[in-house]
Q: 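Have a look at this one before I ask anything.
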Amino acid sequence: FFADHYRKTWFNFYEPRWFAGFHINSYPPLVHQAMALLSFLLGLENSYLIITLLCSSLFPLAMYRFASIFVSEEAAACSSLLAAFLPSIYMSLYAFGQLPTIFALLFSLFYTKNLDNYINKSSWIYFWLSASSCLIVLFSHLFSYILIFLLTAIVLIKNVGRNFTKILKAFVKLLAIIALIALIVLFPLINFLFSYPSQKPIYHPTRDNILADPFLRRVFFEMMYGSLVVFLPFALFYGIKKHKLLTFISSALFILGLGGTTPVPSIILGSIYNTLTYDRFTIWASVLLLPLISEFIVNVGSKKERLSSLFF
């Protein structure tokens, strides 16, 4: 719908056809504008399908690059393989229609690896790769700003022991260019956010107790995590030894993804609790947990091989 608006009236920020009219600049425009541009050649539905296919095809690669920051190459490859079958991604794309969410998540993972390379190698190539991948996220999905903040914190804290002053200077330069470009491009969105009245809460089932309701548990928990749930306790126990910050943030996202099941989200988020939906936290948790789960699987597999070699 947003893409159709840009296709017809690119520079008009008001859309009269839905909810008695609303401002189209209330949402980051990149994904919808990309669909609109492609639609002139391929049609709107085909454009949606192509970008969806791009996201699902590139996701294992993005997962491999992200996981390689924390775990061995073998475990990162395992993460990539698991990512190809991650239920939350396909539920989000094909059931919930959250293409901007997954598009932003894809480039968030690339950004994290690029940022880690930039911090460690001080290369201008990684500087611009970090800036461009971060800007793609900022231009694609408003809610993903939270994820970008968390991933940036993980990388900076992971590397802070090396050379604090050098890392701080490098990051400030990167932040300055990202902020400058984002303020210019997203000015219509920023203007809307600061001038428009606050949104009234709209009901969403993730703010209920999703574990108490069989249907909600099925849709927002079991079909999002799939068989990964079996590995969660072991992966978290194993991860807390070697990857404390990643384990902590993954666990926090997991709890937030439970929505109204626990009082934690309402306590942390306060007044904005009723304006958010919590399946996005579940998506992020399932992705950030993959390196921990993969490392656990790889280590258990190698121990079994060493044990069997003693007898055979």
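In what follows, residues are counted from 1 in the order of the sequence shown.
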Q: Tell me the salt bridge (charged side-chain N to carboxylate O under 4.0 Å, His left out) pairs involving residues 34-55, sequence neighbours left out?
A: none
Q: Do P28 and Y145 have side chains that approach each other closer than 4.5 Å (heavy atoms only, starting at C-beta)?
A: yes
Q: Heavy atoms, side chains only, cut-off 4.5 Å: are Y27 and P100 in contact?
A: yes
Q: Kindly indicate, with the supporting measurements, whether the criterion side chain to side chain contact (heavy atoms under 4.5 Å, CB included) is fulfilled by L150 and L253.
A: CA-CA 10 Å; L150 294 175; L253 292 173; 4.0 Å; yes
Q: I'd like to know if the side chain of R280 reaches the main chain of T101, judged simply by a donor and an acceptor atom lying under 3.5 Å from each other, with no hydrogens or angles considered.
A: no
Q: Would you please test Y126 and N120 for side chain to side chain contact (heavy atoms under 4.5 Å, CB included) and show each step?
A: CA-CA 10 Å; Y126 289 118; N120 284 286; over 6 Å; no
Q: To the nearest 0.5 Å, tell me how far L93 CG sits from S88 OG.
A: 9.5 Å
Q: For the side chain of S80 and the backbone of P60, is there at least one donor-acceptor N/O pair under 3.5 Å apart?
A: yes
Q: With the side chain counted from C-beta on, respond yes when L115 and L174 share a heavy-atom pair under 4.5 Å apart, and no when they do not.
A: yes
Q: Of the non-hydrogen atoms in A131 and I177, which two are nearest, and what is the gap between them?
A: CB-CG2, 4.2 Å
Q: Any donor-acceptor pair under 3.5 Å linking the side-chain atoms of Y278 with those of D208?
A: no
Q: Provide the closest heavy-atom pair for S294 versus A75 in the form atom of the first, atom of the second, distance.
A: CB-O, 3.3 Å
Q: Would you give the length of the straight line joining atom CG of N114 to atom CD1 of I119, rounded to the nearest 0.5 angstrom?
A: 11.5 Å
Q: Nearest 0.5 Å, what's the CG-SG distance between L290 and C78?
A: 8.5 Å
Q: Could you go through the side-chain hydrogen bond (donor to acceptor under 3.5 Å, both in side chains) check for T152 and Y111 one step at a time?
A: CA-CA 9 Å; T152 300; Y111 159 75; 2.7 Å; yes
Q: List the atom pairs, donor and acceptor, that lie under 3.5 Å between side-chain atoms in residues 34-44 and the rest of the protein, sequence neighbours left out.
A:
unit_1	atom_1	unit_2	atom_2	d
S39	OG	R7	NE	2.8
S39	OG	A36	O	2.5

Q: For V160, what are the other residues in its hydrophobic cluster, where any two members join if their side-chain heavy atoms are less than 4.5 angstrom apart?
A: F164, L168, V172
Q: I'd like to know whether OH of Y203 has more than 12 heavy-atom contacts from other residues, nucleotides or ligands below 6.0 angstrom.
A: yes
Q: Any pair with a residue in residues 47-73 that passes side-chain hydrogen bond (donor to acceptor under 3.5 Å, both in side chains), sequence neighbours left out, goes on the list, sorted by first then second residue, please.
A: S68-K113
Q: Between L228 and M223, is there shared hydrophobic-cluster membership here, with clusters defined by ILVMFWY side-chain heavy atoms closer than 4.5 Å?
A: yes
Q: Would one find more than 12 heavy atoms of other residues, nucleotides or ligands at under 6.0 Å from atom CD1 of I125?
A: no
Q: Which heavy-atom pair separates T275 from I272 by the least distance, and what is that distance?
A: OG1-O, 2.8 Å
Q: Please identify each residue that fulfils salt bridge (charged side-chain N to carboxylate O under 4.0 Å, His left out) with E74, with sequence neighbours left out.
A: none
Q: Hey, does the side chain of T261 reach the backbone of I210 with a donor-acceptor pair shorter than 3.5 angstrom?
A: yes
Q: Can you tell if the side chain of L106 reaches within under 4.5 Å of the side chain of I136, non-hydrogen atoms only?
A: no
Q: Under 4.5 Å between side-chain heavy atoms, hopping through other hydrophobics if needed: is there a path connecting W128 to L175?
A: yes
Q: Is it true that a side-chain atom of Y118 and a backbone atom of A170 form a donor plus acceptor pair closer than 3.5 Å?
A: yes
Q: Can you tell which of F66, F143, F254 makes a ring pair (Phe, Tyr, Trp, His ring centres under 6.0 Å) with W284?
A: F143
Q: Report the residues that fulfil salt bridge (charged side-chain N to carboxylate O under 4.0 Å, His left out) with D279, sequence neighbours left out, ordered by chain and then residue number.
A: none
Q: Look up atom CD1 in I293 and atom CZ in F231, then write down how far apart they are to the nearest 0.5 Å.
A: 7.5 Å
Q: At what distance, to the nearest 0.5 angstrom, does CG of L236 lie from CG of L289?
A: 6.0 Å
Q: Are L183 and F149 grouped together when hydrophobic residues (ILVMFWY) are joined by side-chain heavy atoms under 4.5 angstrom apart?
A: yes
Q: I need the L151 CG to I146 CD1 distance, nearest 0.5 Å.
A: 12.0 Å
Q: So which heavy atom on Q98 is nearest to which on I283, and how close?
A: OE1-CD1, 3.5 Å
Q: So, do F281 and I255 sit near enough that their side-chain heavy atoms are less than 4.5 Å apart?
A: no
Q: What are the two closest non-hydrogen atoms of I102 and C55, and how far apart are they?
A: CG2-CB, 4.2 Å
Q: Can you pull the ring-ring contact (aromatic ring centres under 6.0 Å, His included) pairs that have at least one residue in residues 74-102, sequence neighbours excluded?
A: F96-F220
Q: Are K166 and S122 close enough that some pair of their side-chain heavy atoms sits under 4.5 Å apart?
A: yes
Q: Would L138 and I178 satisfy side chain to side chain contact (heavy atoms under 4.5 Å, CB included), going step by step from the backbone distance to the final call?
A: CA-CA 9 Å; L138 299 182; I178 291 172; 3.8 Å; yes
Q: With side chains defined as the heavy atoms from C-beta onward, is the minimum distance between I89 and L105 less than 4.5 Å?
A: yes
Q: Treating Ile, Leu, Val, Met, Phe, Trp and Tyr as nodes and any side-chain heavy-atom pair under 4.5 angstrom as an edge, say whether M224 and V264 lie in one connected cluster.
A: yes
Q: Test side chain to side chain contact (heavy atoms under 4.5 Å, CB included) on T247 and Y238 and set out the steps.
A: CA-CA 9 Å; T247 304; Y238 188 86; over 6 Å; no
Q: By side chain to side chain donor-acceptor pair (under 3.5 Å), which residues pair with T112, not counting sequence neighbours?
A: none
Q: Apply salt bridge (charged side-chain N to carboxylate O under 4.0 Å, His left out) to K158 and list each qualifying residue two or more places apart in sequence or on a separate chain.
A: D116
Q: Taking C-beta and beyond as the side chain, do T277 and P205 meet within less than 4.5 Å on heavy atoms?
A: no
Q: Could you pull out all residues at least two apart from S92 that satisfy side chain to side chain donor-acceptor pair (under 3.5 Å)?
A: none
Q: Kindly work out whether a path of hydrophobic side-chain contacts (I/L/V/M/F/W/Y, heavy atoms less than 4.5 Å apart) joins F103 to L53.
A: no
Q: Do any pairs count as a salt bridge (charged side-chain N to carboxylate O under 4.0 Å, His left out) and have a residue in residues 239-263, sequence neighbours left out, and if so which ones?
A: K242-E295
Q: Through direct or indirect side-chain contacts below 4.5 angstrom among Ile, Leu, Val, Met, Phe, Trp and Tyr, which residues connect to I240?
A: none
